[in-house]
Visitor: 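Mind looking over this structure? Questions follow.
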Amino acid sequence: MLAKNNMKKSSTTFQDKRERCVKNIPLILSSLFIASILCLFFLISPKPLTLLPNQGPDIFDDDHPQHNKQENLSQTTKVSSSSSNSKPQKEENKCDLFKGHWVPSLEGESSYYTNSSCTTIPDSKNCFRHGRMDTDFLKWKWKPHECELPRFNPTSFLNIVGGKKMAFIGDSVARNHMESLLCLLSQEDTPKDMYKDPDDKYRQWYFPKHDFTLMMIWSRFLIVGEERIVNGTGSSIFDLHLDKVDEDWANIFPELDYAIISDGHWFFRVMYLHKGNKLIGCVYCNEQNVTNYNIDLPIRMAFRTTFMHINGSKNKKRGLLTVLRTFAPAHFENGVWNNGGYCNRTSPLSEAEADFGSFDWQLRSIQLEEFERAKREKGEKRLFEILDVTRAMLMRPDGHPGDHWGNKWMKGYNDCTHWCLPGPVDLWSEFLLALLIRSQLGILTS
Ligand SMILES: *[C@@H]1O[C@H](CO)[C@@H](O)[C@H](O)[C@H]1NC(C)=O
Ligand SMILES: *[C@@H]1O[C@H](CO)[C@@H](O)[C@H](O)[C@H]1NC(C)=O
Ligand SMILES: *[C@@H]1O[C@H](CO)[C@@H](O)[C@H](O)[C@H]1NC(C)=O
Ligand SMILES: *[C@@H]1O[C@H](CO)[C@@H](O)[C@H](O)[C@H]1NC(C)=O
Ligand SMILES: *[C@@H]1O[C@H](CO)[C@@H](O)[C@H](O)[C@H]1NC(C)=O
Ligand SMILES: *[C@@H]1O[C@H](CO)[C@@H](O)[C@H](O)[C@H]1NC(C)=O
């Protein structure tokens, strides 16, 4: 076991300033004292990430991002939300859709589809098929504090995206969003299955009535991440190249009109960090001669490198819209995925009950900072937009497949990371449609 001490040794700052410490590695090495004073000076977050690596055998295949071993999230202090644009906006169209709470939905508005009206629900998210009995978790809708979020309208969506290509880029939670959108749209136009690879990492659907292409492009880290092979098997230890985008998505990127980018669940593991082909450090590691970093560094750099690539790309499509979908929290209680953690709640939390001091929220902060940075430095107007699901989903511990019914359909583990279909994850497409409509009206924040 890696001792907790190792984590404490690692640098703990969150903010951009932290990067100065990284750039100054020679300085750190030659003058550790001064460097650490500098780092301390920039230590802004009062509650640094204290994440522990996952030590268990990698029983989760690519379908199941490993989750961290955060020991007791509730011990972290509650911090007030610090959204970057908190000034009150009177105009309905400019209201912050992502700040709100869950309220009971009206009769007949509980869900958009069922496991019979949507035939593409993957087995792993088909909760009712696997015996989930409670349906109350479907009877809630998101209410932004300052306005109403319209119901999802597949016709409106397809009319906007007609003739275009949209891809979800990221891990299996990105795929979960794609699968939800597929169900929502299939109520209006029956999608054709165009491509599926054996691992379901790349997927392509086509909506013939609207000439709309919907894709899933798998990328664990968004940047290059190679698993170390030890004795012929994957070691679950990765070499991460902080300055190189994953070609798997970058190659397809020039075809896209919409890119929905998300990531985060794969970073909670031992990783060696490279920049310019040089080893610059590692996370969750125990080497004396390698700088230890907290996982905020690789996560930050994954998004920074991704956004820089998109901004700098010469052959992206005109009118391309890149959307950052913020981190979606998992909800393991009394453990994690491999030691009996479960998620069997049947109703949402209130805003007061949700834990905005958790690492999920901090991870979102990193993503948001990199997003704001990309927006600030962007070359073209309306290139980057945000789909901020973290707040809403922190309040939905009831939305996961889990194992409410004790039949252990997940090889004996609870899935408290992905989301049931139908379920609260369908909200993400309500947000997405609202963004697309605003984008069309040209009233996105800029
Ligand atoms: C987490 O911490 C809280 C507050 O200190 C405590 O009440 C709770 O029992 C702890 N939970 C676990 C799983 O250790
Ligand atoms: C849909 O869910 C019901 C339980 O609500 C289950 O009996 C049925 O097998 C499921 N159908 C499909 C096609 O998955
Ligand atoms: C690799 O295999 C060798 C020989 O079977 C064994 O001695 C060694 O411990 C293994 N290494 C790891 C990291 O499992
Ligand atoms: C760190 O030390 C180990 C063992 O002493 C060695 O194998 C490794 O190459 C060293 N790494 C660096 C970056 O110097
Ligand atoms: C959830 O599971 C735990 C552990 O199995 C159990 O103690 C608890 O009563 C369950 N809660 C609900 C609401 O079913
Ligand atoms: C984004 O692109 C613009 C125009 O090509 C360039 O001026 C700017 O420096 C780029 N920003 C980043 C962060 O790459």
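When a ligand or atom number is given, it counts from 1 through the structure's own listing order. Side chains included, hydrogens not; waters and symmetry mates left out as well; all remaining heavy atoms used.
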Visitor: Which heavy-atom pair separates I295 from F267 by the least distance, and what is that distance?
Guide: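 Closest pair (atom of I295, atom of F267, distance): CG2-O, 3.9 Å.
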
Visitor: Please name the pair of heavy atoms, one in W142 and one in L97, separated by the smallest distance, quoted to 0.1 Å.
Guide: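 Minimum heavy-atom contact is NE1-O, 2.7 Å.
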
Visitor: If you compare all heavy atoms of E188 against all heavy atoms of K209, which two are closest, and at what distance to 0.1 Å?
Guide: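 Minimum heavy-atom separation between E188 and K209: O-NZ, 3.0 Å.
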
Visitor: Taking NZ, NE, NH1 and NH2 as the nitrogens, is one of them in K125 or E179 under 4.0 Å from a carboxylate oxygen of the other?
Guide: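 So K125 pairs with E179 through a salt bridge.
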
Visitor: What atoms of ligand 2 come within less than 4.0 Å of a heavy atom belonging to F128?
Guide: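 Listed by number with element: 2 (O), 4 (C), 5 (O).
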
Visitor: Relative to ligand 2, is N126 under 4.0 angstrom through side chain, backbone, both or neither, heavy atoms considered?
Guide: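 It is the side chain that touches ligand 2; the backbone stays farther off.
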
Visitor: Between R203 and D193, is there a side-chain N and carboxylate O pair less than 4.0 Å apart?
Guide: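 The answer is yes: the pair qualifies as a salt bridge.
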
Visitor: I would like to know whether K317 and E255 meet salt bridge (Lys or Arg N to Asp or Glu O under 4.0 Å); could you show each step before the answer?
Guide: CA-CA 7 Å; K317 273 202 188 167; E255 294 175 27; over 6 Å; no

Visitor: Just to be sure I understand the cut-off, which residues have at least one non-hydrogen atom under 4.0 angstrom from an atom of ligand 5?
Guide: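 Shell around ligand 5 (4.0 Å, heavy atoms): Y342, N344.
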
Visitor: Atom CH2 in W205, atom OG1 in T120: separation rounded to 0.5 Å?
Guide: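 Atom-to-atom, W205:CH2 and T120:OG1 are 5.5 Å apart.
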
